[in-house]
S.K.: 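Sharing a structure, written as structure tokens. Questions coming.
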There are 2 protein chains.
Amino acid sequence: MSRDNAAAAEQKHDVFQAIADPTRRGLLRLLVDGEMPVNAISSHFPMTRPAVSKHLRILADAGLVKERKVGRETRYRMDADPLRELKSWLAFYERFWENKLDALRRYVETDEPNRGQEPSEL
Amino acid sequence: MSRDNAAAAEQKHDVFQAIADPTRRGLLRLLVDGEMPVNAISSHFPMTRPAVSKHLRILADAGLVKERKVGRETRYRMDADPLRELKSWLAFYERFWENKLDALRRYVETDEPNRGQEPSEL
DNA sequence: AAATTACGAAACCATTTGGTTTCCTTTTCT
DNA sequence: AGAAAAGGAAACCAAATGGTTTCGTAATTT
């Protein structure tokens with residue numbers, strides 16, 4: 001369904017790296033409601049316009065932002081779709097904080113935590 | 001005893017930065033099932049033991065890993081709890097990757113799109 | 001036509017990052 | 001006691017990151 005069939009090879013920045021920077025998370029928050037040209041965007045951040053532009057490029061590399069040229073301006077908007085990968089990554093770990101009390105109880109009862117539990121794979 | 005010591009010190013590395021590196025995500029995956037000493041951990045990664053140690057330090061700064069000294073070895077295990085912050089950050093954006101028909105319906109029904117909770121941080 | 005606006009590109013810089021090797025201390029094994 | 005094992009700490013290095021200023025060019029305004 002996605003229009004990019006060479007998705008794996010072209011991405012220089014992944015979603016994990018893209019959201020690591022607080023400025024970029026701020027950009028996503030700003031662009032989630034609709035598109036905005038670069039000048040308007042950069043007025044929200046304490047840095048120069050080219051700096052914001054570079055962050056936008058990184059977000060675009062990760063697919064988190066789409067751009068559209070309108071006259072002499074470039075408008076950006078967020079695309080939340082790549083966050084699905086983050087969601088599924090997170091989903092794996094959810095049970096480890098939901099069952100924390102269970103884990104504690106198991107620890108106390110057996111007096112031997114993690115018995116026979118070798119991590120199976122990387 | 002203590003069920004909440006999170007308010008104590010502001011860490012140098014946050015959870016977003018900690019999971020940005022693929023090696024560190026591999027470490028979490030390895031340590032989620034139980035604790036493991038550093039040598040055993042580093043044997044799973046194509047780098048030297050001190051390099052792995054530094055990654056572990058970063059994870060510990062973010063609270064994602066706990067260490068325990070046992071004899072001459074230091075055993076690490078994952079603590080998934082800080083991932084809750086990531087979860088709540090993500091929760092805000094989840095509605096935006098639901099399919100476009102849902103988004104349109106929400107727009108029409110509420111007459112006020114995209115109003116609601118804010119992400120927990122930038 | 002000329003000036004202005006919008007913005008990407010490039011050159012440059014300081015700091016951080018991810019890795020290495022070397023060394024030191026503590027603990028365990030013979 | 002002496003040797004070996006475990007792992008942290010420090011010095012060092014190349015590359016990536018996050019920022020700047022300057023410049024070029026296409027679109028718009030006057």
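All of these numbers come straight from a predicted model, not from anything done at the bench. Numbers restart at 1 for each chain; the letters A, B, ... are given by sequence-line order, proteins then strands.
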S.K.: Distance-only, no hydrogens or angles: does the Tyr93(B) side chain make a donor-acceptor pair with backbone N or O of Arg29(A) under 3.5 Å?
M.R.: yes
S.K.: Rounded to whole angstrom units, what separation is found between the CG atom of Leu27(A) and the P atom of dG19(D)?
M.R.: 10 Å
S.K.: Answer yes if Val65(A) and Ile58(A) sit in the same cluster of Ile, Leu, Val, Met, Phe, Trp and Tyr residues linked by side chain heavy atoms under 4.5 Å apart, and no otherwise.
M.R.: no
S.K.: How far apart are the C-alpha atoms of Leu86(B) and Ile19(A), what are their side-chain angles, what is the distance that settles it, and do they pass the side-chain contact (heavy atoms from CB on, under 4.5 Å) test?
M.R.: CA-CA 10 Å; Leu86(B) 189 71; Ile19(A) 66 163; 4.3 Å; yes
S.K.: Who passes side-chain hydrogen bond (donor to acceptor under 3.5 Å, both in side chains) against Glu94(B), sequence neighbours left out?
M.R.: Lys87(A)
S.K.: Could I get a table of every N or O pair under 3.5 Å where one atom is in the protein and the other is in nucleotides 15-19 of chain C?
M.R.:
unit_1, atom_1, unit_2, atom_2, d
dT17(C), OP1, Gln17(B), NE2, 2.5
dG18(C), OP1, Asp21(B), OD2, 3.2
dG18(C), OP2, Arg24(B), NH1, 3.1
dG19(C), OP2, His55(B), NE2, 2.3
dG19(C), N7, Lys54(B), NZ, 2.9
dG19(C), O6, Lys54(B), NZ, 2.5

S.K.: Could you measure the distance from the CG atom of Leu56(A) to the CG atom of Leu28(A)? Nearest 0.5 Å is fine.
M.R.: 9.5 Å
S.K.: Could you give the distance from CG (Asp79(B)) to CG (Leu31(B)), rounded to the nearest 0.5 Å?
M.R.: 11.5 Å
S.K.: What is the separation between atom CD1 on Ile41(A) and atom C1' on dA6(C), rounded to the nearest whole Å?
M.R.: 12 Å
S.K.: Quick one: salt bridge (Lys or Arg N to Asp or Glu O under 4.0 Å) pairs with a partner in residues 42-59 of chain A, sequence neighbours left out?
M.R.: none
S.K.: Under the criterion side-chain contact (heavy atoms from CB on, under 4.5 Å), I'd like the reasoning laid out for Phe92(A) against Val32(B): C-alpha separation, chi angles, the key distance, then a yes or no.
M.R.: CA-CA 10 Å; Phe92(A) 174 80; Val32(B) 75; 4.2 Å; yes
S.K.: Starting from the C-alpha separation in whole Å, work towards a yes-or-no answer on side-chain contact (heavy atoms from CB on, under 4.5 Å) for Met78(A) and Phe96(B).
M.R.: CA-CA 9 Å; Met78(A) 183 183 180; Phe96(B) 295 103; 5.9 Å; no
S.K.: Distance check needed: dT17(D) P versus Phe16(A) CZ, whole Å only.
M.R.: 16 Å
S.K.: Check DNA chain C for consecutive Watson-Crick or G-U pairs with both distances under 3.5 Å and list the runs of at least three as stems.
M.R.: C:1-30 with D:1-30
S.K.: Reading nucleotides 1-8 of chain D 5' to 3', which nucleotides get B (base under 4.0 Å from a protein heavy atom), which S (sugar-phosphate only), which -?
M.R.: ---BBSBB
S.K.: Pair up each side-chain donor or acceptor in residues 35-44 of chain A with any protein partner under 3.5 Å, not counting sequence neighbours, and list the distances.
M.R.:
unit_1, atom_1, unit_2, atom_2, d
Glu35(A), OE1, Arg68(A), NE, 3.2
Glu35(A), OE1, Arg68(A), NH2, 3.4
Glu35(A), OE2, Arg68(A), NH2, 2.3
Glu35(A), OE2, Arg75(A), NH1, 3.4
Ser42(A), OG, Val38(A), O, 3.4
Ser42(A), OG, Asn39(A), O, 3.2
Ser43(A), OG, Ala40(A), O, 2.7
His44(A), ND1, Ala40(A), O, 3.0

